[in-house]
Amino acid sequence: MDVAVSAAWWVVGKALGPVSDGFLEAWAASKDLGPNVDTLKMELLYVQGMLNNTRGREIDNPALNELLQKLRQLAYGAEDVLDELDYFRIQDSLYSTSEAADEHAKGCVCNLFLNAHHTAKAVGKLLGCSANPRDPGEPRLEEDTRQQVRCCTWPCARRTASANTSLVPNTDQADGEASGCIHKLARNTVRTVGKLFPCSSFPQVDDDVSGKSILCGACIRKAPQQKHAKDAPKLEFDRVDLSKRMKHIVEQLQPLCAKVIAILNLELLGSSHTTITDIPKSPSTSTSNIIESTLYGRDPAKKRIIDSITHDKYSGENLTILPIVGPGGIGKTTLIQHIYNSQEVKTHFQIKIWICVSQNFIVNKLIEEIEKAIPSVEGEKKGRAEELIEQRLNSKSLLLILDDIWKCESDDWKRLLAPLTKGQAKGNVILVTTRFPAVAEMVKTTDSSIDLEGLEHGEFRKFFRACIFGDEKSQNDHDGLLKIGDRIADKLKGSPLAAKTVGRLLRNHLDVHHWTRVLESREWEMQTGEDNIMPALKLSYDYLPYHLRQCFSSCGLFPEDYKFHSEELIHFWIGLDILNPGGRNKTIEDVGQDNLNDLVNSGFFKKDETEGHYIIHDLLHDLALKVASHEYLSLDHCSVRSIEIRPSIRHLSIVIDGPDDSNGITDDKFKSELRKLKAKLKVENLQTLIIFGEGDKSSVNILGDLFMEANALRVLCLPTLSYPLESMLHNFSSLLHLRYLKLGTSMSHMHLPTTLSRCYHLKILDLQKWDGSFVLPRDMSNLAKLCHFLAQNDKLLSGIYNVGKLKLLQELKAFPVKKEIEGFELNQLEHLTELREVSIYNLEKIHTKEEAVQAKLIQKDYLHKLTLDWDRERPNSEPGADVVVLESLQPHRNLQELRITGHRGPSCPTWLGDNLVVQTLQSLSLFSVSWDIFPSFGKMWNLRELVLLNISTIKEFGLVQSFCKLVKKITLTGLENFEKWAPQPTHYFPHLQVLIIVDCPKLSELPFSSHIVYPLKQDWNIDWFPKLQELTMENCPEVLLLPPIPWTQSLCSVEIRDVGSKLLDKLVYSKSSSGVGLEVNAKDGLHSLDQLLLFSQLAELQGLMIKNCPPLELKYFLMLTSLKTLWAWSSNLGVVASEVQTCVEWQHPIESIEIRTSSSCGKELTHFLSHLPKLFKLEVYRCGNITQLAVGVDLQQTTVPVVSSSTSLDVITMDDTQVKDEQQEIAEVEKEEANTVDDDGLLLLPAHLSNSLQTLFINSLEALQALTRLHLEYCSFRHPFPSSLLHLKLSSVKGVLTFQISPLSHD
């Protein structure tokens, strides 16, 4: 023992004599890790508390602002250090070590060994003898440390240690007697220091306890075999370095905090400086006076609103409140000003009042303003303002404008309305403008609000040019600037206020250099005046609470027009650690959803109700980047040269796939700019990195070099990898802080990083876009903090070995039971108490109750979604075992969604049947079960969705009132013996939204068949399925009676095909944000389309396709007021010909008609076209009864002889250079045409189409002056082409004469 101790002190003394102070410092640092941790934590809490008091405030003191930024950066550093310590303590718990513990759990002697061991390593680094010096704080692999050792010149004895002995000492081997600890202290200190001195001549030291030789660490070349080949090696913990870094941060924090507090106290005491405030500035007030004399792009909205409040649906209501919603600067006030001052409104309303509400909704003040604005009446009695309003409004029509409401409580709103609703005349209207959808939702009495979007491109360009040049004449003098102006306009996304802001920047410098600079620098974002776009938008941002500002500003990292999904966005916020924990019954995911809902209600996000995603208006996206530009940065081809890159940036996104030569930035120039980032960014501080786009090899190399030192990443998102992850992030194995990882690739050969399982802090792993290799690291269960593992492919989800160790996991969408393989038994689910969703497969491998109960589903309080799956294709089954197992897999009563597949027992389990446990169940799906006894759906008082698939035992579907009243979705597919509903329902499914019936060959009726009576009445008031949105019915050949479509305005999707009806082969109806369309493919039994359709509900129809259908009655055609496109295939032209001819007064705004294989003659189509003033596209294919074509022109358009008093057949006047025989030939053609005007086969295009028809797919004549596209196929003609023609296709034509005409432009 004496020899060992002497040898240790001799080695240390010889090596460290010149730097004894450093030795003592290292020893103290290792020994004081625990106190340093506590001190740093206390200091960090103090700093965070102080920063919380200042965040979100506008600080006018530049010096204080800079100090606060430094304080924030130090706080980030402190968090990193503590997070790193936590990482290694997780590693200690996984490997049963104590490297990062404050003190060794086994006492003071082991503490001595622990500190001596880390001191020796630190001293070696002080001497500068480390084989591979590295940056402070950068972790190192234990095996890397071993492999860096060089061989010494000393002869060494053979090593006899066991294979699992670690070359870096394991401090937990220091248990036992004190002498054993001292021996190991000596041995390991010699070994550690020896590794750092490859040329030293250390003597061999014998361990007199174990009899094993202690060798110079430099002589060891290889690490021992790992236990599992696929396990990731550990990272080495540097205890001394971490302790010193903690102490250094505390020493910096303390004096800085003192300085900040001193300045803040002066500010808050009201010295000569401006008091810090968190109250946002108020927006400017508005008046009813029209400021913009011309209303660009809003005429349709203006007309729609005026019509609705003066003589349409709202004029008969008691009080109508119509909100107009949109972001700041979108033109809400301007639109209302034009409505308020329109002649129709002045005539209709006796009293008009305009009040600008803004941020202060004070009920008493508003009532007083209303009272003062209403003229007094004769004989009125004095009283309160409310009473005076009631007297003065008696039987008078009122229009009240409440402009720019920011907030309003429900009770205050009711108080305001009270005097306006008592005994007043019908037709009174309140128009409300607001930035906040939540306000609109609360105040509206209409079905929907008016959502104001940006101006349409053409109208916006006109307005933008008017803001710059004024009149159109001035624009003509600056043609060279207009193209630049159009590029700028594209970036303003239709915002009128943005147009005015940029117009002011451009109008005083009408030169290319200035305009180009504004375009490239986006100078309008820097304008700070109250009438500029960014300050106007920032008012809304300042109005948000701080936690919502954080969530919103972080979204600027995503590209413009990005479609956010709630799950993705919430997980992103969790990764950033910006969600404050909720209450006792709220998860962090619930908090994220609440924040997203609040941002929607505040107008910062807009939800697409059809597809379910969220979007941010482009200018709000720009705002997000601007307000957080000190920490958030997004780069693409357009912005890489113009954007300011600050050293404080911590969150970065790069779009590497962009349009070449965007803003003059080619792909090569973009890469060049990326190379320069290394000198501008402090990459080591980055916490977020998102790369959009695949990029080529050179891009990946540039990024790999750029992010070489990005060790602090918490969020990493690489959704489109085309090269291995390690080629872009060489240091991935050292990312200790990672919380959120999203990886995606389409490369099947791509592998996940082997060190993925070492990201101990990882909470979200998103592999939903991963189509590479599905092999996971064997030790994935080391990710002890993993909450969400998302993947589309079950192979990824089902490959987690020992998944039971992931105790925080919330969803396990594929768990295949493999009793024969260790780590995949059903009891792996026992301790996963946080599960919200689990799908268990291969349950046919479980045969006993004891095995089944090990999953302990009944104890999983949070489990909301459960799938229990038996192999449907298995050749043999044990029904008795299936019964026992399913009975034993009883879930907790809080379960909301249940799916059971392939169960071959005779009945449902008791917990789903007679003794119903899951009473709050919302969704039940049963696939391929062999039950004869099914649950009583009526007992499930919360059931909203029922899916029955491929079940042969169901003959009738039992309906009870409680079920019918609540259910929202019913799917019945593959029920081969299903015949009827029992009993025939008398209830009307008031909440049903989706009904799908497919492959039910014996079903003869729908649940509402008894209510269908022919002939249909167009004015029916139908109350069954009033909220149905989707109806699908396929392959039900016995179903004869069909409902009229659409019987309710709520219908968005209908698909009916292969049913027994004699009327219909196929019907498809769709209604979405892109429009309303209808396709009808009829059978011979259909004599009139009103046998299928409710035309009274089709006023919004925009596209109609009819196949094999009879023509429409004219009265129904005219009810389709929104119809733009008509396709008639194997049908007549679409409207009863006799009615078209007799009714000469009607017109229809249809724009496009396509007729194929129709029996309609030319005369019928001629009369039809004469009533279509807006037709711009006509296509006629294979219509045998149309034999000739002519074009009618206005008398003012030609000087040739006419056929009638109103029109003439088109006669072409030839140039003098053309030969006489050509003139004679054309004259003969004209004469022949004139003699056949009354022939039924002649299609005469009416004269008014000469200025509207742009596309004709039959023939063309020069009188069609607006024609830009012509397709000629299987026809004869002799006339030249119109001068307007841009596109021409000739196919199988004959009789073409050669004319001398101008060449076609462009094509």
K1083 NZ: over 12 foreign heavy atoms closer than 6.0 Å: yes
Between W1146 and H1171, how do the two ring planes meet: parallel, tilted or perpendicular, split at 30° and 60°? parallel
Grab the two heavy atoms, one from V929 and one from G902, that are nearest each other, plus how far apart they are. CG1-N, 4.5 Å
Could you tell me which non-hydrogen atom of L1028 sits nearest to which non-hydrogen atom of V994, and how far apart they are? CD1-N, 3.7 Å
Under 3.5 Å, is there a donor-acceptor pair between the side chain of W981 and the main chain of E1005? yes
Is the side chain of H1148 donor-acceptor paired with the backbone N or O of L1120 at a distance under 3.5 Å, no angle test? yes
D299/K303 ion pair, N-O < 4.0 Å: no
Would you say the side-chain atoms of S449 pair up with the backbone N or O of D451, donor to acceptor, closer than 3.5 Å? no
Counting distance only, does the side-chain N/O of E1113 pair as donor-acceptor with the main-chain N or O of K1115 below 3.5 Å? no
Shortest non-hydrogen contact from L1064 toward L1042: CD2-CD1, 3.7 Å
Within a 6.0 Å radius of atom CD on E1100, are there more than 12 heavy atoms belonging to other residues, nucleotides or ligands? no
Minimum heavy-atom distance between I951 and S928, given as atom pair plus value: CG1-N, 4.1 Å
Shortest non-hydrogen pair, L924 vs P935, comes out as CD2-CG, 4.3 Å
Answer yes or no: is there a donor N or O on one side and an acceptor on the other, between the side chain of S1070 and the main chain of S1053, under 3.5 Å? no
For D1058 and N1035, does a side-chain donor sit closer than 3.5 Å to a side-chain acceptor? no
Main chain of P1026, side chain of S1050: is a donor-acceptor contact present, judged purely on distance under 3.5 Å? yes
Would you call the rings of F963 and F937 parallel, tilted or perpendicular, taking 30° and 60° as the class edges? tilted
May I ask you to say whether K968 pairs ionically with E945, meaning some side-chain N is under 4.0 Å from a carboxylate O? no
Going through the distances and angles, do E1154 and Y1181 end up as a side chain to side chain contact (heavy atoms under 4.5 Å, CB included)? CA-CA 8 Å; E1154 180 179 323; Y1181 299 92; 4.1 Å; yes
Run the salt-bridge test on R944 and E897 with the 4.0 Å N-O cut-off and return the result as yes or no. no
Is it the case that the side chain of S1122 and the backbone of L1101 share a donor-acceptor pair, with hydrogens and angles ignored and the cut-off at 3.5 Å? no
Assess the residue pair F1117 and L1123 against the criterion (side chain to side chain contact (heavy atoms under 4.5 Å, CB included)); give the C-alpha distance rounded to whole Å, side-chain angles, the decisive distance to 0.1 Å, and a yes or no. CA-CA 9 Å; F1117 178 70; L1123 190 66; 3.9 Å; yes
Checking D608 against Y614 for the side-chain hydrogen bond (donor to acceptor under 3.5 Å, both in side chains) test, could you report, in this order, the C-alpha distance in whole Å, the side-chain angles of both residues, the deciding distance, and whether it holds? CA-CA 6 Å; D608 186 311; Y614 299 80; over 6 Å; no
Please answer whether the main-chain N or O of L1244 pairs with a side-chain N or O of T1166 as donor and acceptor at a distance below 3.5 Å. yes
List the atom of P1110, the atom of L1089, and the distance in Å for their closest heavy-atom pair. O-CD1, 3.9 Å
So, the side chain of N977 versus the backbone of S952: is there a donor-acceptor pair under 3.5 Å, distance only? yes
Inter-residue atom distance K969.NZ - E1030.CD, 0.5 Å rounding: 6.5 Å
Look only at the side chain of E1055 and the backbone of V1068, and say whether a donor-acceptor pair between them is shorter than 3.5 Å. no
